[in-house]
Colleague: 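My structure is below; once you've seen it, I'll send some questions.
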2 protein chains.
Amino acid sequence: MSDLAERLKSGERRALAKAITLVESTRVDHREQADALLTELMPGTGGALRLGISGVPGVGKSTFIEAFGLLLLERGHRVAVLAVDPSSSLSGGAILGDKTRMEKLSMDPRAFIRPSPSSGTLGGVAEKTREALLLCEAAGFDIVIVETVGVGQSETAVAGMTDLYLLLQLPNAGDDLQAIKKGVMELADLIVINKADIDPAAAMRAQAQITSALRLLGSGRMAEHASALQRVLQVSALKADGIASLWDAICAQRDARRASGAWDAKRREQSLAWMWERIQAGLRHAFTHQPGMAARLEATTAEVREGRTPASTAARQLLAAFRESA
Amino acid sequence: MSDLAERLKSGERRALAKAITLVESTRVDHREQADALLTELMPGTGGALRLGISGVPGVGKSTFIEAFGLLLLERGHRVAVLAVDPSSSLSGGAILGDKTRMEKLSMDPRAFIRPSPSSGTLGGVAEKTREALLLCEAAGFDIVIVETVGVGQSETAVAGMTDLYLLLQLPNAGDDLQAIKKGVMELADLIVINKADIDPAAAMRAQAQITSALRLLGSGRMAEHASALQRVLQVSALKADGIASLWDAICAQRDARRASGAWDAKRREQSLAWMWERIQAGLRHAFTHQPGMAARLEATTAEVREGRTPASTAARQLLAAFRESA
């Protein structure tokens, strides 16, 4: 283990890839090794800017990450790209983090690209990605991008593990074709209108509309960190237009939050929320997998669904049964 | 118990008040009696239109509920008003459900007004309010209004226990003074601009702005049940203007959802979500209150906060300790 840790700390990409495979494993002995490795590496983590990126299919995520990543390499950074995609068990992990989509970035030794774990629930995939993120930091990557496609609750999971969350949008913002799920836009620290070169007038309209919607709906967060105007930007990833300004906007938000203490406070909150999320998941697993509980749960669920037993009464009965048989 | 149930079913308000006091009690024997009572009354529940109402202080909630409630009585309905306010332990429950604020409604025998339970966490208050709601239905109230002031997560709790959720807004919608928390506007099935008579031009602007923001941000839910235009209305509760049109809009949404099956599906989902929320809360309580666990939790929380132990590793260690000592 310690040999792997040393090689990883020296920045060896193969050691990093192997360590991520270890945290992704479902074998119990691997899990123990992974915990030991992570604990050993913890002092070297926390140093990266953690950036979440999402957007609907077709928004140009890969092109954007390629252009953005190459700029960061030019500026002397080392960039890791991870993915959260619980649907990748269906697609074999091909949708996200596919290296062929980011040709130049994936060839560069200063970058590291890893597709989403190819199986698991969102909670499980998110946990593995969080651990992979720590490993990337220990390996010296100072910018870690976590990307997701808008599937289920994956945007919330990604926002919960990153410092800044960036939502890519198409210029046709007013268009119903662009399905944005409830609350996703309000998660975003920065909204980036991509493909602005295709229809500059539409991009301007979209920027104005989104800015005004954020001003109306997102008062709390906005007032704290940045005005709505500073949060909505236009880029063209294909032409690499606006990417440098976007990086400036990211750095400005980072610096303001570091100065106010909000940056570190958010990191601590995220860690504790993660711990509790995992505890809750573990307790729920113990509850549902206790012998005899499955049948009982099924019967009670039917009673509640049919309105024969109040939900709170059902919960108390099930908890009592769980305690008695423990 | 059965005598109380009979009196409650016959619509006796004192029996209803007594039953709600019983479900609010924290005594173990009361809790058992309350469970028995609720189970006995379950067949008579589910018949009401459950309506959630919230809005910032000053928006005119009481005046609105008074005017709206009186209209409903005129139309032949029986109206119960409950409140969810976890902050009422501080204020003694005076903020919400205060009968003096709804003078005519509270004097009418066809109405029933109950303030928020005066102590407890949001989860606890919400549970008691859900149970009180069932009791009101069993007592024959066919419209139950659950009101809340925007404190913490109370809007989400209220939206989770009602069929339709109505957000009251002031006409100065573009104004930053009106603090709307993230995601709250998107919870709303109907947005009602109150005090529209004071500044009709501002109210028109607010209606247009909110309609356009909803069109941009709330595509999914909107397309399903009503267009953005049908969801944003103007009223003046003080002059009772627009209240009848609002009731028509509520009935239209109700009828459309009943016809599509969405109404019943939401009820079933809410009941099961409520059951699981209570199970999770119970498991968490058992976990944190197990002997020796408090000290261990405190130490591990400090390790995670200081970045010495990864959150997922900490969760696994705590779960193992819980299992071993169970």
Side-chain angles (χ1 to χ4, degrees), chain A residues 31 35 38-39 42-43 45-46 127 130-131 134 173-174 176 178-183 185-187 209-210 212-213 215-221 223 268 271-272 274-280 282-284 286-287 300-301 304-305 307-316 318-319 322-323 326, chain B residues 31 35 38-39 42-43 45-46 127 130-131 134 173-174 176 178-183 185-187 209-210 212-213 215-221 223 268 271-272 274-280 282-284 286-287 300-301 304-305 307-316 318-319 322-323 326:
Chain A
R31 190 60 263 171
D35 276 338
L38 282 164
T39 304
M42 272 307 275
T45 66
E127 174 170 5
R130 282 175 183 274
E131 293 179 338
L134 296 175
D176 273 5
Q178 192 165 16
I180 307 161
K181 288 198 304 301
K182 278 196 300 172
M185 201 179 273
E186 293 182 320
L187 280 177
Q209 283 177 353
I210 295 171
S212 115
R215 201 173 271 149
L216 189 62
L217 300 184
S219 44
R221 185 161 184 157
R268 284 192 298 272
S271 289
L272 290 175
W274 179 16
M275 182 182 89
W276 276 107
E277 191 271 316
R278 290 287 87 198
I279 289 173
Q280 292 274 31
L283 291 173
R284 186 172 167 140
F287 180 81
T300 308
T301 298
V304 170
R305 188 179 284 129
R308 284 185 282 133
T309 305
S312 47
T313 305
R316 279 187 287 273
L318 288 168
L319 285 165
F322 176 64
R323 269 195 305 275
Chain B
R31 189 61 261 173
D35 276 338
L38 282 164
T39 304
M42 272 310 272
T45 66
E127 174 170 4
R130 281 176 183 275
E131 292 179 340
L134 296 175
D176 273 6
Q178 191 164 16
I180 308 161
K181 287 197 308 299
K182 280 195 299 171
M185 201 178 273
E186 293 183 319
L187 281 177
Q209 283 177 351
I210 294 171
S212 118
R215 201 172 272 151
L216 188 61
L217 300 185
S219 44
R221 185 161 184 159
R268 284 192 299 271
S271 289
L272 290 175
W274 178 18
M275 182 182 89
W276 276 107
E277 191 271 317
R278 291 288 86 200
I279 289 172
Q280 292 275 28
L283 291 173
R284 186 172 166 141
F287 180 80
T300 307
T301 298
V304 170
R305 188 180 280 127
R308 285 185 282 135
T309 304
S312 46
T313 305
R316 279 188 287 274
L318 288 168
L319 285 165
F322 176 65
R323 270 194 304 275

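The sequence lines fix the lettering, A, B, ..., with proteins before strands; numbering per chain opens at 1. Fair warning: this is a prediction, and the values are worked out from it, not measured in the lab.
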Colleague: Answer with side chain, backbone, both or neither: which region of A:Leu38 has an atom nearer than 4.5 Å to a non-hydrogen atom of chain B?
Modeller: both

Colleague: At what distance, to the nearest 0.5 angstrom, does OG of A:Ser312 lie from CZ of B:Arg31?
Modeller: 6.0 Å

Colleague: Would you mind checking which part of A:Leu318 comes under 4.5 Å of any heavy atom in chain B, side chain (CB onward), backbone (N, CA, C, O), both or neither?
Modeller: side chain

Colleague: With a 4.5 angstrom heavy-atom cut-off, could you sort out which part of A:Arg268 is near chain B: side chain, backbone, both or neither?
Modeller: side chain

Colleague: Which region of A:Ile279, side chain (C-beta onward) or backbone (N, CA, C, O), has a non-hydrogen atom less than 4.5 Å from a non-hydrogen atom of chain B, or is it both or neither?
Modeller: both

Colleague: Taking only residues two or more places apart in sequence, or in another chain, which ones meet A:Ser271 in a side chain to side chain donor-acceptor pair (under 3.5 Å)?
Modeller: none

Colleague: Indicate the atoms forming the closest heavy-atom contact of B:Val304 with A:Met275, along with that distance.
Modeller: CG2-SD, 3.9 Å

Colleague: With heavy-atom distances below 4.5 Å as the criterion, would you say the side chains of B:Phe287 and A:Gln280 are in contact?
Modeller: no

Colleague: Just jot down the side chain to side chain donor-acceptor pair (under 3.5 Å) partners of A:Arg278, sequence neighbours excluded, or say none.
Modeller: A:Glu127

Colleague: Can you find a pair of side-chain heavy atoms, one from A:Leu272 and one from B:Arg305, that are under 4.5 Å apart?
Modeller: yes

Colleague: So, for A:Leu319 and B:Gly282, which heavy atoms are closest and what is the spacing to 0.1 Å?
Modeller: CD1-CA, 3.7 Å

Colleague: State whether A:Arg316 and B:Glu131 are salt-bridged, where the test is any N-O pair (Lys NZ or Arg NE/NH1/NH2 against Asp/Glu carboxylate O) under 4.0 Å.
Modeller: yes

